[in-house]
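See below for the structure under consideration.
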Amino acid sequence: MDSSGWTRVIRNAGVAGGAGGAVSGLVSPGAVAIAGQHIAWAGPDAELPDRPPAGCKVVDANGALLTPGLIDCHTHLVWAGSRHREFELRLTGASYADIAQAGGGIISTVTATRAASEGELLVLAMKRAAQLMAEGVTTIEIKSGYGLDLTNELKLLRVARAVGERLSVTVRTTLLAAHAIPPEYGSRSDDYIRCVCDEILPAAAAAGLADAVDAFCETIAFTPAQIERVFTRARELGLAVKLHAEQLSNQHGAALAAKFAALSADHLEHVDEAGVRAMAAAGTVAVLLPAAFYFLRETQLPPIGLLRTHRVPIAIASDLNPGSAPIASLLLNMNMACTLFGMTPEEAFAGVTRHAAAALGLGATHGTIEAGKTADLVLWNAEHPAELAAQFGMVRPVTVLRGGKDLP
Ligand code: DI6
Ligand code: FE
C-alpha cells in the first residue's frame, strides 16, 4: 500500500460502514487512513504499515466507534412560522388531511414563509441544520415546497444552497414546487402544474439551484397524471426525480416513481407489493420517515417485510418540517425505525449511511468507509453501531471530519 500521501490515520477504532456494509462486519480494532479530502485506506489495525509517513497525524481512537458521516436524505428545513396550533387540533381529533383541506397545513407554512425574507429564512434554516449536524450528520438534503411560486421557490432553494456554504455540511437541494396547490390557484391544480413545468422547473434548472425534483402524490395534493407531467419535464431538463408516495393512501406513486427511475420513493406506509416490485426493478430507494408516522399518530406501518423480500434498499430520514415531523434528530429517527417499524439497528444504520447516500445519487462518493470516498467520518462515544439506534440522548459524536477536515 502506498502511504506517502496520507495526512491522517485513525487507528484502534471500531470501524463500521465499510465495503461489506453489515454491522456484523464491524472491523475492530480497525483503522482508516485519510489523504487530503478522501479516504485512502481502511482495514484491520494490524495491517497498517509500521511507520506512518512524515507529517501524517495519527489518532488513537481507544476502541471508539468510527462511522461514515450520517446522511439525512429527506428534510424540508427551510420554513417560517409555527404549526403548534395544528398539533393541538390533531390531539382533539382533527386529522392531518382535515386540517390541510381547511386551508391549514402546508398552506399555513407557505403564507409565513412567503412573508419571510431570505435572510430570516437562512437564520432559521441554519439553526435546524446545526441541530442535525450536532448528531454527526454531514450531508443534508433540503427541499423547497413552502414557496409555491417562482420567486419563493427559488428563494427557498437559494437559502438551502446558502446553508451548505455557511456551514460545514454537504447540501443537496430538491425542488418540491408540486407540494400543495397554492391558494391563488383555488382548485385549478392543472394550471399550477403547468406553471411548475413551464416556469419554475426550467428557472430552477437554469440557475443550477436544484439537484433533484420531488412532488407530493396524494389525494390532498397531486394526482399521478399530474406528477407524470412534472417528472417528464424534470427528466427533459436532466434532473433526477424522487416522490412523496403512499404516505396517507395508496395512489400507486411508488410504481410511477420507479417508471421514471426515481432515486427514491419516500414515506410508503400504504405501498403495495406491485409498487415494491417496481421499485426493486428500478433500483429506487425506499426512504422511510418514522417521525412523520409517529407525529401524525399513523397506524398503517410501511411494509418492511415486503421491502426486505424484494431487496429494496431502505433509507431512514428525519423529514424535518413544521407540520408532520418537527423533530430535528436523525438518531431519534433511527431509534423509531426500530421501535415503531421493526427494523434492526443494523438496517437503521445502513439507512442513514449507504442507502441514504444512494437516495441522493451520492452512492459513489459518500455513505461508506471505503478507499476513494469522501472522508466524512464520525468518531462516537460508543463502540458498536447498534448503539446509535438502541438508545437516545446519550450517544454523541466526539469528533466529526468533513472532507478530511475537523469540524470547527
Ligand atoms: N408529507 C409530509 O409529511 C410533509 N410534506 C409531505 O408531502 C409535511 C409538510 C407539512 O405538513 O408542512
Ligand atoms: Fe417530506
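Side-chain atoms are counted along with the backbone in the values below, which use heavy atoms only and exclude waters and symmetry mates. Positions are given from 1 along the sequence. Remember, it's 1-based here, ligands and their atoms both numbered in the order they're listed.
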Numbered atoms of ligand 1 (with element) below 4.0 Å of [X], judged on heavy atoms:
X: R83; result: 10 (C), 11 (O), 12 (O)
X: Q247; result: 1 (N), 2 (C), 3 (O), 6 (C)
X: H179; result: 5 (N), 6 (C), 7 (O), 9 (C)
X: G323; result: 11 (O), 12 (O)
X: I106; result: 9 (C), 10 (C), 11 (O), 12 (O)
X: N321; result: 4 (C), 8 (C), 9 (C), 10 (C), 11 (O), 12 (O)

Check for me whether H267 has a heavy atom closer than 4.0 Å to any atom of ligand 1. yes
Of the N, O or S atoms in D319, the one nearest the Fe ion (ligand 2): OD1
Looking at H244, the N/O/S atom that lies nearest to the Fe ion (ligand 2) is called NE2
Is there a donor-acceptor pair under 3.5 Å between the side chain of [X] and the backbone N or O of [Y]?
X: E298; Y: A292; result: no
X: Q131; Y: R128; result: no
X: T111; Y: I107; result: yes

Which bit of [X] gets closer than 4.0 Å to ligand 1, counting heavy atoms only: side chain, backbone, both or neither?
X: D319; answer: side chain
X: E218; answer: neither
X: Y146; answer: side chain

For the Fe ion (ligand 2), decide whether H74 has an N, O or S atom at a distance under 2.8 Å. yes
In this structure, which one of R85, H84, E86 forms a side chain to side chain donor-acceptor pair (under 3.5 Å) with S82? H84
Please identify which of these residues, H76, K143, E141, meets the side chain to side chain donor-acceptor pair (under 3.5 Å) condition with T174. E141
Parallel, tilted or perpendicular: which describes the rings of F216 and H244, with under 30° parallel and over 60° perpendicular? perpendicular
Counting only heavy atoms not in R235, do more than 12 fall under 6.0 Å of its CZ? yes
Hey, would you say the H267 and H74 ring centroids sit under 6.0 Å apart? yes
Nearest-0.5 Å distance, NZ of residue K155 to OH of residue Y146: 14.0 Å
Nearest-option assignment for atom 11 (O) of ligand 1, heavy atoms, candidates F216, F293, Y96: Y96
Please report which non-hydrogen protein atom sits nearest to atom 3 (O) of ligand 1, along with the residue it belongs to and the distance in Å to one decimal place. S324 OG, 2.6 Å
I would like to know whether K242 and D214 meet salt bridge (charged side-chain N to carboxylate O under 4.0 Å, His left out); could you show each step before the answer? CA-CA 5 Å; K242 31 184 55 237; D214 193 350; over 6 Å; no
